[in-house]
Amino acid sequence: MDFKTIVKPFILGNFLFTDDASAVADDSSLIRGGIVDSTGILELIEFLEATCGIRIDAEEMVPGNFDSIDTISAFLQRKTTA
Amino acid sequence: MSALGHDVLDMDLEAEADRIAARLRAVTARELHRRGLVVAVSGGIDSSCCAALAVRALGPERVFALILPERDSAEDSAARARLLVEHLGIRSETKDIAPALAAIGCYEQRDAAVRRALPAYGEGWRFKIAIDGGSEGRINIFRLLAEAPDGSRHERTLGLADYLQIVAATNFKQRLRKALEYFHADRLNYAVVGTPNRLEYDQGFFVKNGDGAADVKPIAHLYKSQVYAMARHLGLPARLCDAVPTTDTYSLSQGQDEFYFALGYREMDLALWALEHGRDAVELGHALGIEPARAAAIYADIENKRRTTRYLHAPPVLMGEPDQACTA
């Protein structure tokens, strides 16, 4: 499954109030780019748990897993195929 | 470069007290055009130090103190605040803000959110919130720690909505206090003193339009260790200088480091100083006796909190340039 089809629309709609896919590149740092702050990451995690039917453990809540649309999608891929 | 240790925070306290007092006097008279200063005193070291500096700047007759306890204030807090007022010889008023907080839904909204996370929570329970993760390199999450009337302890991870509602409700406390401070400032034609220290100011540990609002902030540049040293230098009573810093916001006793800072204040002071002075994580780790990776995570947590709370410092964002005559 391509998780970008879930993650990207949420990032665009919830944090940037747009559906313009060019507003954020898939490999852009969401944290350093000022798009998502720490509260935003918690929102994202709750969204992913509710949407993907997964439970994200505290040890997995590291910035590296949630830094960009690419890393979030890769994390979900690993998580769901493990 | 000298070895990193707590002595980097040593300062000439008499010279600094003089400098702050002179600046406070000039700002109050020439920039704020007010006749005195209002300080809400909690019984904690920061507001005590601010009140003492205000007295040094303007004399006791031009300083007015407010003691504003509520339902969850520690009993000793107001007693220490009264001790300060007597020691400084300043006028004061004590107002229990619990009824007003109850009337605007502070406790009801807060408890509803706590009960969503912990349905058994009710009369006689006490709780606090702890922050967890950031100083270990993870994303910060929030935990609810509660104690039942029978002494049993309960812990839950808070969902974001419940955490936000608890914080929003408890923020009523700081905002209501500030409303009262400005009432008395307006009544007396005084200015309002804000009491954050450098850790709180830098890391955004304050409530916007609550304790973050003020006309002047005399100790926002001083590390917490320096505030303690200044309070002792100013001759404040030992009972004030020896008090352990707490948030005094939640019913269960809580240190500030549990709720917000990654470390106790002495270690946190050193970490913030070291980061600001370009010392690397290896050196900080050595000074604190922790692994370099943990020190690096603490640096990252400090920078993350700066980013996350930047908006708390910001004035309202305008959509165009105002005329120079109306820049308020």
Side-chain angles (χ1 to χ4, degrees), chain A residues 3 6-7 9-18 23-25 27-79 82, chain B residues 113 116-117 129-145 155-168 170-171 202-205 207-208 259-262 281 293-294 296-314 317 319:
Chain A
F3 286 100
I6 295 171
V7 174
F10 181 74
I11 300 287
L12 290 170
N14 197 56
F15 298 115
L16 295 171
F17 315 133
T18 181
V24 58
D27 61 353
S28 292
S29 171
L30 301 171
I31 299 168
R32 287 195 305 280
I35 295 171
V36 180
D37 67 6
S38 50
T39 302
I41 290 183
L42 295 179
E43 279 179 63
L44 175 64
I45 288 169
E46 288 195 349
F47 166 76
L48 294 174
E49 287 186 333
T51 306
C52 302
I54 55 171
R55 174 82 188 147
I56 298 172
D57 299 327
E59 302 76 52
E60 296 170 319
M61 292 186 192
V62 293
N65 282 342
F66 297 94
D67 191 49
S68 68
I69 292 167
D70 279 342
T71 63
I72 297 165
S73 302
F75 165 69
L76 293 172
Q77 196 69 49
R78 289 196 303 276
K79 178 92 180 159
Chain B
R116 283 201 295 269
I129 292 177
I131 195 167
D132 185 31
S135 61
E136 280 80 42
R138 303 195 307 273
I139 293 159
N140 278 312
I141 59 171
F142 304 98
R143 296 192 191 283
L144 175 77
L145 305 172
E155 183 172 339
R156 297 284 187 279
T157 297
L158 280 169
L160 186 59
D162 294 338
Y163 164 73
L164 291 175
Q165 183 165 325
I166 293 167
V167 171
T170 53
N171 284 354
D202 181 281
Q203 293 286 276
F205 187 48
V207 176
K208 191 166 191 171
F259 177 59
Y260 198 75
F261 300 120
R294 172 98 203 281
I298 289 165
Y299 276 166
D301 194 45
I302 290 172
E303 288 174 332
N304 180 51
K305 287 199 175 86
R306 282 179 174 168
R307 271 195 307 273
T308 301
T309 62
R310 193 172 294 150
Y311 94 102
L312 296 178
H313 290 275
V317 179
M319 299 296 110

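In what follows, every heavy atom counts, from backbone to side chain, and hydrogens, waters and symmetry copies are set aside. Chain identifiers are assigned alphabetically (A, B, ...) following the order of the sequence lines, protein sequences preceding nucleic acid strands; residue numbering begins at 1 within each chain.
We find the CD1-OG1 distance between B:Ile139 and A:Thr39 to be 11.0 Å, quoted to the nearest 0.5 Å. To the nearest 0.5 Å, the span separating CE on A:Met61 from CG on B:Asp132 amounts to 10.5 Å.
Within the 4.5 Å cutoff, side-chain heavy atoms of A:Leu42 are placed close to those of B:Phe142.
The minimum heavy-atom distance linking A:Ser38 with B:Asn304 is given by the pair CB-ND2, 3.9 Å. Across A:Glu46 and B:Leu160, no two heavy atoms sit closer than the pair OE2-N, 2.8 Å. Considering every non-hydrogen atom in both B:Arg138 and A:Glu59, the closest pair reads CD-CA, 3.8 Å.
In B:Arg306, the CZ atom is crowded: over 12 heavy atoms of neighbouring residues, nucleotides or ligands sit closer than 6.0 Å.
A:Glu60 does not touch chain B: none of its heavy atoms, backbone or side chain, sits under 4.5 Å away.
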